[in-house]
Protein chains: 2
Amino acid sequence: MKHVYEYPRAALTVDCVVFGFDGGELKLLLIERGLAPFKGCWALPGGFVRVDETLDQAALRELEEETGLEKVFLEQLYTFSSVDRDPRERVISVAYYALTKLADHRTRAATDAADAQWFPIPDVPSLAFDHADILTTAIQRLRGKLRYEPIGFELLPAKFTLSQLQQLYEAVLGTELDKRNFRKKVLGFDLLIPLNETHREGAHRPAQLFRFDPVRYGKLKKKGFLFEL
Amino acid sequence: MKHVYEYPRAALTVDCVVFGFDGGELKLLLIERGLAPFKGCWALPGGFVRVDETLDQAALRELEEETGLEKVFLEQLYTFSSVDRDPRERVISVAYYALTKLADHRTRAATDAADAQWFPIPDVPSLAFDHADILTTAIQRLRGKLRYEPIGFELLPAKFTLSQLQQLYEAVLGTELDKRNFRKKVLGFDLLIPLNETHREGAHRPAQLFRFDPVRYGKLKKKGFLFEL
DNA sequence: CCAAAAGTGTTCGCGTTACACCCATGT
DNA sequence: ACATGGGTGTAACGCGAACACTTTTGG
């Protein structure tokens, strides 16, 4: 392929803000950099975009290479372009955020990438490059999206209880929610299918398990339905 | 500046979806391409990003160069990266959307750029590259943002009437709104300052003019206030 | 005096909120 | 039996939706 415009070009990277939820708090997946610059620092997983792949593909590829994660929910966040965001040269980075079912991936991520680690959001160390800015943007976006699109389920196991769902919303939004009102509203959408299973844990009554019905959501959405919590 | 990673690089462009509102309908600013590819086609204003400028700067610069527009509201939209979106070579484009006060700029844009023209959204011709996709994304974003952030004022003159504001909302959202309810709600926010001026036009009662108070909005926003229509 | 848009209040219904007790289980 | 989280209904309130007439101007 011929290069028509022979001006110096910025390099292009993708960086991924990977969220997980472990039943109590929101977590972030970071990798420890093995190379300069910022050697030894924690950073968002990511890397250079190849000339023959889309940004989505690059993000998925980097995620798999660096953390072992596959088939996660992934959405473009924002493109960061401060001139000095990389000390080496001009690098523009397209940020993504990913939502993962922590329970499914915890072990794999830990083994595949020895230098990958989950941090509770409040305990996130200082980050390389402008990754702290990216993280801030991602958290804002997650909060916003969670309120009017059913993406929270991407952070929960396929089968979950209403309490888990509520805890997730409380953790991400940073508010307390009324149990009865929350259940009434969520179940009113008719998007959760009760399973013939219960979740047993600890010395108390077992909880009904549900799964989210994405097909039904797709239909409702087309009719102008708005998921809003 | 040294190039550390000597792999082939995609070229980077910015493209701007420029909206205007003329008191009845939403319009889009396009330029006619003078060069191949898509010579003679209509396209979004935009161009290549220089290695020493941010994306925001590039968007503002291109807008000024190609359309004469300055000091418009500008916000990053999405980054488009289909491998074949440009027939020449790999080009990744960061799209922006801009909101302009049509009344202020109509003449300038027409004179500075002979090949720039405003189109009502329904009459937009077929566009070069993947610009139709970009436009679709921009319209969705505009609709979404308009409902929960006070960006509509960017499309109106500094002094405007409540009817103009309502028409804007109706045009963008594609719905009819109740006049009394609309006024009640908007004025209830206490973000519009009534001026000692009226808007006279045609054979009817003159309308009260208002201006938006961005400072007050900033304060309210910090306190968790949500502008929502 | 007529046309055309500006401006103004009230009622009704539904959705959000607030709130407390019993249930099923494990130890 | 007791500790722990699961599960349930109702009443008050507030906000959004529906709705029609008077006012001011120019022609």
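Order of the sequence lines fixes the chain letters, A, B, ..., with proteins taken first and strands second; residue numbering starts at 1 for each chain.
Of the residues in residues 181-194 of chain A, those with a non-hydrogen atom less than 4.0 angstrom from any atom of DNA chain D are A:R183, A:K184.
A:R211 is linked by a salt bridge (charged side-chain N to carboxylate O under 4.0 Å, His left out) to nothing, counting only residues two or more places apart in sequence or in another chain. Every residue two or more places apart in sequence or in another chain that forms a side chain to side chain donor-acceptor pair (under 3.5 Å) with B:Q166 is listed here: B:E170.
Residue B:H204 places its side chain closer to C:dA5 than to any other of C:dA5, C:dT25, C:dT8. The side chain of A:R205 lies closest to C:dC23 when the candidates are C:dT8, C:dA5, C:dC23.
The shortest non-hydrogen separation linking B:V72 to B:L99 is CB-O, 3.8 Å. Between B:F21 and B:A171, the shortest heavy-atom distance links the atoms CE1-CB, 3.7 Å.
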When the side chains of residues 194-206 of chain A are checked against the rest of the protein, which donor-acceptor pairs come out under 3.5 Å, sequence neighbours left out?
residue, atom, partner, partner atom, Å
A:E197, OE1, A:K159, NZ, 3.4
A:E197, OE2, A:K159, NZ, 2.6
A:H204, NE2, A:E201, O, 2.5

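Note on residues 208-229 of chain B: pairs passing ring-ring contact (aromatic ring centres under 6.0 Å, His included), not counting sequence neighbours, are B:F153-B:F212, B:F189-B:F225, B:F189-B:F227.
Within the 4.0 Å cut-off from OP1 or OP2 of C:dA6, at least one side-chain nitrogen or oxygen of B:S163 is found.
Heavy atoms of B:E201 sit nowhere under 4.0 angstrom from any nucleic acid atom.
Side-chain polar atoms of B:S81 and A:T54 form no donor-acceptor pair below 3.5 angstrom.
For DNA chain D, the span of nucleotides reached by chain B at under 4.0 Å from its heavy atoms goes, 5' to 3', from D:dG16 to D:dG26.
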